[in-house]
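First comes the structure, then the notes that go with it.
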Amino acid sequence: MNSLKIYNTLTREKEIFNPIHSPYVGMYLCGPTVSGESHLGHIRPAVTFDIINRYLKYLGYIVRYVRNITDAGHFEEEGRESQDKVANKARLEQLEPMEMVTRYTNLYRDAMDKLNVLRPSIEPTATGHIVEQINMIEDIMSKGFAYEVNGSVYFDVTRYAQENDYGRLSGRKIGEMIAGSRELEGQGEKRNPADFALWKNAPPEHLMRWRSPWGEGFPGWHIECSAMSSKYLGAPFDIHGGGMDLLFPHHESEIAQTKIAVGKPVANYWVHNNMITIKGQKMSKSLGNTITISQMTDGNHLLLEQAYSPMTLRFFILQTHYRSTLDFSNEVLMAAEKGLQRLLQAQRTLKDLAYNEVDSDFNQEEDNIVKQLIDSCTVHMNDDLNTAMVLASLFELSSKIYSWQNAQLKISSISRETFVLLLKTFNDFVSDVLGLKDEITVDDSKMNELMDLLIALRKEAREKKDFHTSDKIRDNLKKIGIQLKDGKEGTTWGV
RNA sequence: GGUCAGAUGGCCGAGUGGCUAGGCAGAGCUCUGCAAAAGCUCUUACAGCGGUUCGAAUCCGCUUCUGACCUCCA
């Protein structure tokens, strides 16, 4: 159970995963800011940590997985933008800020469901935890690590850094940061450019605002994660995740806030996924090169030659190790689409395979190869969640499965025990651990019976050499998207 | 400018001090009424230059190039 190794950004090393209160595991992931529709970049951490969540459960851990929704605060720019867009319309048609974040939260959740991302145990929102955030800010102020200026509150990084290692996670030195930081507007209130906001005074045009001891305003970006993670998981908890771009300043700030408020580190393992790039450049809102999830699944984007299903996206992400950048292109997605179908077809085929025991066929070498491939799934997952290698093993097993189906290899060359183990492992890894599934439901029994009938009719026609009829059945089915596959053991079909 | 990652075959992508994933694409073969599906085989790669080593693509150094972070971002 504890042979799992995870790369910890804090130590820059792969470490054996030991939860604080095994078998319980606490995990927190920085979720999306719902000021716009989720894009491809948002689904990488969701899928990555879904894999961790699923694998921990597979290993027998009981996971409390908290993934927040940032629906408050620091997106006033976007709020203003949307106001401008609707400025000419009637005021009644304007979206309430809460309406906007609800809309995008719903879209995000729908997308997560389609991607087969398991729902988190708790999905707290920033707006639902204003009180907790204000309390934490007051606590930090009372300890002397934050100060108020004109209704805004800032964290005193310089003071914190005197006794704490600010910058350890992101690997930077506070002196260099101050020297290198640019002069930005609104920095005037800070005592030091490295300080960050805990609470912001709301200008009149800011629609989302709450009463606080410092006047009407809204919380700074970082404080919500400290407040919500410590509330639901305590401190320290086991795993804190997020995209690499959050390393600084977001996670660094979280560490500082929690250290002062709670007196303890945030988490033992910090896990960061790398970025999705497009033509070698990071996909991000500010660069304007994002592709939203709905554009992806509709094929409605200049760079897309066709629509890609959510499962294709999921597979595409899993083909690359989570700490590598992942470059998007049509070619890669088309390859992913085909690869995924091949894998799922193998899974279906395996389910229908019957084991026939013939003692004389047993081949120890063959049996060992299959056993080793089965073992390698766990071995690769344990090595910092190497889903790319797990897929490679599953593909090698797929070749075996297809060979058995076509009677090119004898299934009895492996032992019954190995076959049973394969059946379980293959399904567990494809469906439960990697979360890959057929998107078209073919388990409709009437549909299956109908197809069996058509296949039987075609078989009869072929036996009578009535190829006109048999080809008509085959070709017309192809027209409606159903493909017949003739194998040694009979005909199967797929979509 | 500072910090940190990378550079792998036609494309994408793992991994490793010697036995050298996998997917997609391409070629040939097997099966098949034809086709599709499936299987098998094939093209043998690790940016450049030095060094360590019996041996490096894998370790070390330098060079070039690319990207990320340093500001809201997943």
Side-chain angles (χ1 to χ4, degrees), chain A residues 12 29-33 35-36 38-49 70 74-78 167 170-173 176-177 179-185 187 193 221 241-250 272-277 280-287 290 315-316 319-321 323-329 331-340 342-343 345-346 349 376 380 383 386-396 398-409 462 465-467 470-471 474-475 478 483-488 491-494:
Chain A
R12 317 262 156 182
L29 172 67
C30 290
T33 300
S35 59
S38 299
H39 59 78
L40 257 183
H42 290 110
I43 67 180
R44 172 100 110 139
V47 170
T48 300
F49 289 88
T70 299
H74 59 283
F75 47 86
E76 69 268 34
E77 294 303 324
E78 303 244 344
S170 54
R172 52 193 86 221
K173 305 257 184 294
E176 289 167 4
M177 280 160 47
S181 75
R182 283 177 250 164
E183 281 303 315
L184 292 171
E185 280 185 51
Q187 293 276 48
W221 176 32
M244 270 181 185
D245 53 347
L246 298 185
L247 259 170
F248 188 88
H250 186 56
H272 292 92
N273 62 275
N274 213 318
M275 303 290 103
I276 285 185
T277 59
Q281 257 204 331
K282 178 181 154 187
M283 182 179 290
S284 82
K285 243 183 244 178
S286 48
L287 289 169
T290 62
F315 181 87
F316 163 67
Q319 267 185 313
T320 304
H321 187 86
R323 285 193 286 115
S324 300
T325 54
L326 176 51
D327 197 55
F328 159 87
S329 70
E331 292 70 28
V332 170
L333 279 167
M334 281 191 263
E337 191 172 52
K338 291 196 175 159
L340 172 65
R342 184 173 139 80
L343 187 66
Q345 179 67 41
T349 302
S376 72
H380 293 313
D383 183 17
N386 197 331
T387 53
M389 280 303 279
V390 174
L391 283 172
S393 294
L394 292 174
F395 274 114
E396 287 196 57
S398 298
S399 286
K400 298 285 178 200
I401 292 165
Y402 286 127
S403 297
W404 295 326
Q405 185 202 22
N406 290 336
Q408 282 150 329
L409 274 176
R462 291 178 73 197
K465 306 262 186 224
D466 179 6
F467 297 123
S470 68
D471 288 354
R474 180 226 282 161
D475 298 341
K478 183 152 194 181
Q483 187 186 37
L484 293 182
K485 296 165 187 178
D486 295 329
K488 276 264 163 59
T491 302
T492 56
W493 61 280

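All values below come from the heavy atoms of this structure, side chains included, with hydrogens, waters and symmetry mates left out.
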>> Nearest to the side chain of A:Ser470, heavy atoms from C-beta on, is which of B:G33, B:C70, B:A36?
In response: B:G33

> What is the distance, rounded to the nearest whole Å, between atom CH2 of A:Trp493 and atom P of B:A38?
Replying inline: 17 Å

> Closest heavy-atom contact between A:Thr325 and A:Thr320?
Replying inline: O-CG2, 3.9 Å

>> If you assign A:Cys30 and A:Leu247 each to the RNA chain B nucleotide with the nearest heavy atom, which residue ends up on the more 5' nucleotide?
In response: A:Leu247

> With sugar-phosphate meaning primed atoms plus P, OP1 and OP2, does A:Glu396 contact a base, only sugar-phosphate, or nothing at under 4.0 Å between heavy atoms?
Replying inline: sugar-phosphate

> So what's B:G17 paired with, Watson-Crick or G-U wobble, going by both distances under 3.5 Å?
Replying inline: none

>> In whole Å, measure the gap between the P atoms of B:U16 and B:A47 for me.
In response: 15 Å

> Do the side chains of A:Gln405 and A:Thr492 get nearer than 4.5 Å, heavy atoms only?
Replying inline: yes

>> How close do A:Arg44 and A:Asn274 get, counting heavy atoms only, and between which atoms?
In response: NE-O, 3.3 Å

> What integer number of Å spans the P atoms of B:G17 and B:G6?
Replying inline: 15 Å

>> Please find the pair of heavy atoms, one from A:Met283 and one from A:Thr290, that lie closest to each other, and give the distance.
In response: CG-CA, 3.6 Å

> For B:G1, which nucleotide is its Watson-Crick or G-U wobble mate, given both distances must be under 3.5 Å?
Replying inline: B:C70

>> I'd like the C1' distance from B:C24 over to B:G9, given in whole Å.
In response: 13 Å

> What is the minimum heavy-atom distance between A:Phe328 and A:Phe316, and which atoms define it?
Replying inline: CA-CZ, 4.0 Å

> Of all the nucleotides listed (B:C69, B:A21, B:G33), which has the minimum atom distance to the side chain of A:Asp471?
Replying inline: B:G33

> Which one is paired to B:A7, where only Watson-Crick or G-U wobble pairs with both distances under 3.5 angstrom count?
Replying inline: B:U64

> Over how many whole Å does the gap from A:Asp486 atom CG to B:A37 atom C1' extend?
Replying inline: 8 Å

>> Closest approach to the side chain of A:Arg342, judged atom by atom: which nucleotide of B:A35, B:C69, B:G39 is it?
In response: B:G39

>> Rounding to an integer number of angstrom, what distance separates B:U66 and B:U71 when you compare their P atoms?
In response: 23 Å

>> Within the 4.0 Å heavy-atom criterion, would you say A:His39 contacts the bases, only the backbone, or no part of the nucleic acid?
In response: base

>> If you go through the side-chain atoms of A:Arg462, does one of them form a donor-acceptor pair with the base of B:G33 closer than 3.5 Å?
In response: yes

> Would you say A:Asn386's side chain and A:His380's backbone share a donor-acceptor pair under 3.5 angstrom?
Replying inline: no

>> Just to be sure I understand the rule, does A:Gly41 reach a base, reach only the sugar-phosphate, or reach nothing, if contact means heavy atoms closer than 4.0 Å?
In response: base

> Please give, in whole Å, the distance from B:A25 C1' to A:Glu337 CD?
Replying inline: 15 Å

>> What's A:Met283 touching, base or sugar-phosphate or nothing? Going by heavy atoms closer than 4.0 Å.
In response: base

>> If you assign each of A:Lys465 and A:His42 to its closest nucleotide in RNA chain B, which residue comes earlier from the 5' end?
In response: A:Lys465

> Which part of the nucleic acid does A:Tyr402 contact within heavy-atom distance under 4.0 Å: base, sugar-phosphate only, or nothing?
Replying inline: sugar-phosphate

>> Just N and O in the side chain of A:Thr33: are any of them under 4.0 Å from OP1 or OP2 of B:A74?
In response: yes

> CZ of A:Phe395 versus P of B:G39: gap in Å, rounded?
Replying inline: 11 Å

>> What's the gap between B:A45 and B:A35 when it is taken at their C1' atoms, as a whole Å value?
In response: 36 Å

> B:U41 pairs with which nucleotide, Watson-Crick or G-U wobble, both distances below 3.5 Å?
Replying inline: B:A27

> Which is true for A:Met275 with a 4.0 Å heavy-atom rule: it touches a base, it touches only sugar-phosphate, or it touches nothing?
Replying inline: base

> Please give, in whole Å, the distance from B:C70 C1' to A:Asp245 CG?
Replying inline: 13 Å

>> Please determine whether a side-chain nitrogen or oxygen atom of A:Lys338 lies at a distance below 4.0 Å from atom OP1 or OP2 of B:A25.
In response: yes

> In whole angstrom, what separates A:His272's NE2 from B:C4's C1'?
Replying inline: 14 Å

> Mind checking the C1' distance from B:A21 to B:A14? Whole angstroms is fine.
Replying inline: 6 Å

>> So which atom in A:Pro45 and which in A:Gly41 form the shortest heavy-atom distance, rounded to 0.1 Å?
In response: CD-O, 3.2 Å

> Looking for any heavy atom pair under 4.0 Å, which part of the strands does A:Leu40 touch: base, sugar-phosphate only, or nothing?
Replying inline: nothing

> Taking atom P in both B:U8 and B:G48, what distance in whole Å separates the two?
Replying inline: 11 Å

> Checking side-chain contact (heavy atoms from CB on, under 4.5 Å) for the pair A:Val332/A:Asp327: CA distance, chi angles, key distance, verdict?
Replying inline: CA-CA 9 Å; A:Val332 170; A:Asp327 197 55; over 6 Å; no

> Which pair of heavy atoms, one from A:Ala346 and one from A:Tyr402, lies closest together, and at what distance?
Replying inline: N-OH, 3.1 Å

> Looking just at side-chain N and O atoms, do A:Ser376 and A:Ser393 make a donor-acceptor pair shorter than 3.5 Å?
Replying inline: yes

>> I need a per-nucleotide contact map over nucleotides 6-18 of chain B, read 5' to 3'. Cutoff is protein heavy atoms under 4.0 Å; write B for the base, S for backbone only, - otherwise.
In response: ------SSSS---

> Contact class for A:Leu246 (heavy atom, under 4.0 Å): base, sugar-phosphate, or nothing?
Replying inline: sugar-phosphate

> In terms of side-chain heavy atoms of A:Ser403, which of B:A74, B:C70, B:G39 is nearest?
Replying inline: B:G39

> How close or far is atom P of B:C40 from atom CD of A:Gln405, stated in whole angstroms?
Replying inline: 13 Å

>> Is it the case that B:A35 (base atoms only) and A:Asp475 (side chain only) share a donor and an acceptor within less than 3.5 Å, ignoring hydrogens and angles?
In response: no

>> Tell me whether A:Arg474 is salt-bridged to A:Asp471, with the criterion being a basic N under 4.0 Å from an acidic carboxylate O.
In response: yes

> Can you check the A:Asn274 CG to B:C4 C1' distance for me, whole Å?
Replying inline: 11 Å

>> Could you identify the nucleotide paired to B:G55, looking across every strand shown and requiring Watson-Crick or G-U wobble geometry with both distances under 3.5 Å?
In response: none

>> Between B:A57 and B:U44, how many Å separate the two C1' atoms, rounded to a whole number?
In response: 13 Å

> Among B:A74, B:G22, B:C40, which is the nearest nucleotide to the side chain of A:Pro45?
Replying inline: B:A74

> Paired with B:G33: which nucleotide, if any, by Watson-Crick or G-U wobble criteria at under 3.5 Å for both distances?
Replying inline: none

